[in-house]
2 protein chains.
Amino acid sequence: MITSFAGESKHFLDEKSRLSIPAKYRRWLTEEDAEYTFVVTKGADPCLIAYPAVEWDTFAEKLRNLSQFKKKNRAFIRTWSRNSIRLKCDKQGRILMPQRLLDFANIKKEVVIIGALNYLELWEQEMLKEHQESQIPLDDDYFEDLADIF
Amino acid sequence: MITSFAGESKHFLDEKSRLSIPAKYRRWLTEEDAEYTFVVTKGADPCLIAYPAVEWDTFAEKLRNLSQFKKKNRAFIRTWSRNSIRLKCDKQGRILMPQRLLDFANIKKEVVIIGALNYLELWEQEMLKEHQESQIPLDDDYFEDLADIF
DNA sequence: TATTATTGTGGGTAGATGTGGGGAGAAATC
DNA sequence: GATTTCTCCCCACATCTACCCACAATAATA
């Protein structure tokens with residue numbers, strides 16, 4: 001069983017657009033992926049998602065089962081793939097963030113890194129705040145549904 | 001089966017924000033988790049909750065199965081995990097408390113540690129007192145409902 | 001009560017971690 | 001092929017973490 005990511009911390013992009021991945025998350029990678037590689041992609045919410053490469057590969061494997069004969073499937077796979085990029089940490093544990101992705105999440109210098117189970121979310125602080133505030137609170141129905149699972 | 005936590009005791013944060021976990025609770029950890037690791041998170045009440053890491057991991061493992069294509073699932077996972085942090089006891093049995101969490105529970109120096117079944121509650125003394133006083137007393141209806149379970 | 005063992009608290013310090021920047025080599029462009 | 005841009009190594013260093021040791025406080029035992 002892989003230990004789940006948890007926690008939140010604030011980091012800074014340096015002049016070269018490098019982002020330091022907290023050591024605790026890097027360490028959890030080593031068990032399954034000695035390469036310290038993440039796949040960073042645009043999130044469904046206005047943030048970036050960094051999957052450990054093995055997690056992303058698992059997901060990609062599932063996507064293969066989508067039929068190529070459906071136009072929407074092709075569109076989804078295309079969008080998903082082109083927005084994903086495989087990034088390896090340098091010897092100091094940093095990844096070099098492409099400008100295109102930074103722009104998407106509106107990230108300038110400050111980055112809030114949230115450990116969310118089997119992936120990391122990268123947020124610009126203000127975007128996160130706005131997103132959380134505009135979020136419709138989870139209602140009783142949601143938790144009723146959850147209760148069916150747990 | 002893990003022995004349940006029980007009891008209450010008062011401890012102090014030191015200058016380095018370290019909190020000594022009572023030996024009796026630490027001991028109960030060893031059975032299942034030789035790492036002496038807790039996951040500390042914000043409570044529903046204005047206190048902090050410390051789960052033995054194995055307890056938290058079991059729940060986290062279930063959460064992983066929630067589909068990320070549902071916005072509410074993402075929101076729930078985000079809120080759940082950003083407030084949680086994995087903390088390992090040092091060789092003297094202390095954990096280093098992040099300021100962010102201390103602020104949430106209004107903890108300065110004194111901490112009341114309450115052992116509650118499979119988790120610990122960490123309270124600032126005055127907050128606990130206020131909370132208990134403002135608490136609506138448990139009524140007969142509540143116990144009637146409980147009777148359905150026991 | 002006296003003695004011993006365990007636990008809780010304080011603080012110094014080596015090593016780990018995060019951040020910045022120079023520069024060699026690779027890759028892209030002209 | 002020459003020039004520019006980019007990537008990633010290296011080193012530097014400030015900060016943080018978690019070890020170690022010391023010893024006080026408490027509990028357990030004779």
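Chain identifiers are assigned alphabetically (A, B, ...) following the order of the sequence lines, protein sequences preceding nucleic acid strands; residue numbering begins at 1 within each chain. For the numbers below, each heavy atom of this structure counts, side chains included, while hydrogens, waters and symmetry mates do not. All values derive from a computational prediction rather than experimental measurement.
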Closest-nucleotide ordering on DNA chain C, the 5'-leading residue of B:Asp90 and B:Ile21
B:Ile21
Which part of the nucleic acid does B:Lys16 contact within heavy-atom distance under 4.0 Å: base, sugar-phosphate only, or nothing?
base
In whole angstroms, how far is the C1' atom of C:dG18 from the CG atom of A:Leu13?
13 Å
In whole Å, I'd like the distance from the CG atom of A:Asp14 to the P atom of C:dG22.
12 Å
Using OP1 and OP2 only, check whether a side-chain N or O of A:His11 sits under 4.0 Å from C:dT17.
no
Determine: side-chain N/O of B:Arg94 to OP1/OP2 of D:dC20, distance under 4.0 Å, yes or no.
no
Which listed nucleotide (C:dT7, C:dG10, C:dT9) is nearest to the side chain of B:Ala23?
C:dT7
Roughly how many Å is it from CD1 in B:Ile113 to C1' in C:dG8, rounded to a whole number?
11 Å
Within this structure, what is the CG-to-P distance between B:Leu19 and C:dG8, rounded to whole angstrom?
10 Å
Thinking salt bridges, do B:Asp57 and B:Lys62 make one under a 4.0 Å N-O criterion?
no
Can you see if the side chain of A:Arg27 gets near the phosphate of C:dT17 - specifically, an N or O under 4.0 Å from OP1 or OP2?
yes
Salt bridge present between A:Lys109 and A:Asp14 (N-O < 4.0 angstrom):
no
Side chain to side chain donor-acceptor pair (under 3.5 Å) evaluation trace for B:Asn106 with B:Lys108
CA-CA 6 Å; B:Asn106 203 28; B:Lys108 307 286 191 301; 2.8 Å; yes
Using whole Å, what does the distance between atom P of nucleotide D:dC6 and atom CZ of A:Arg18 come to?
15 Å
Any donor-acceptor N or O pair under 3.5 Å, side chains A:Gln125, A:Trp123
no
When the nearest nucleotide of DNA chain D is assigned to A:Gln92 and to A:Leu96 on a heavy-atom basis, which residue is associated with the more 5' position?
A:Leu96
I'd like to know if B:Phe104 and A:Leu128 are part of one continuous hydrophobic network [Ile/Leu/Val/Met/Phe/Trp/Tyr, side-chain heavy atoms within less than 4.5 Å].
no
Whole angstrom is fine here: how far is it from NZ in B:Lys24 over to P in C:dT7?
12 Å
Starting at atom CD1 of A:Ile95, determine the distance to atom P of C:dG18, rounded to an integer number of angstrom.
13 Å
Nearest-Å distance for atom pair NZ/P, residues A:Lys91 and C:dG25
16 Å
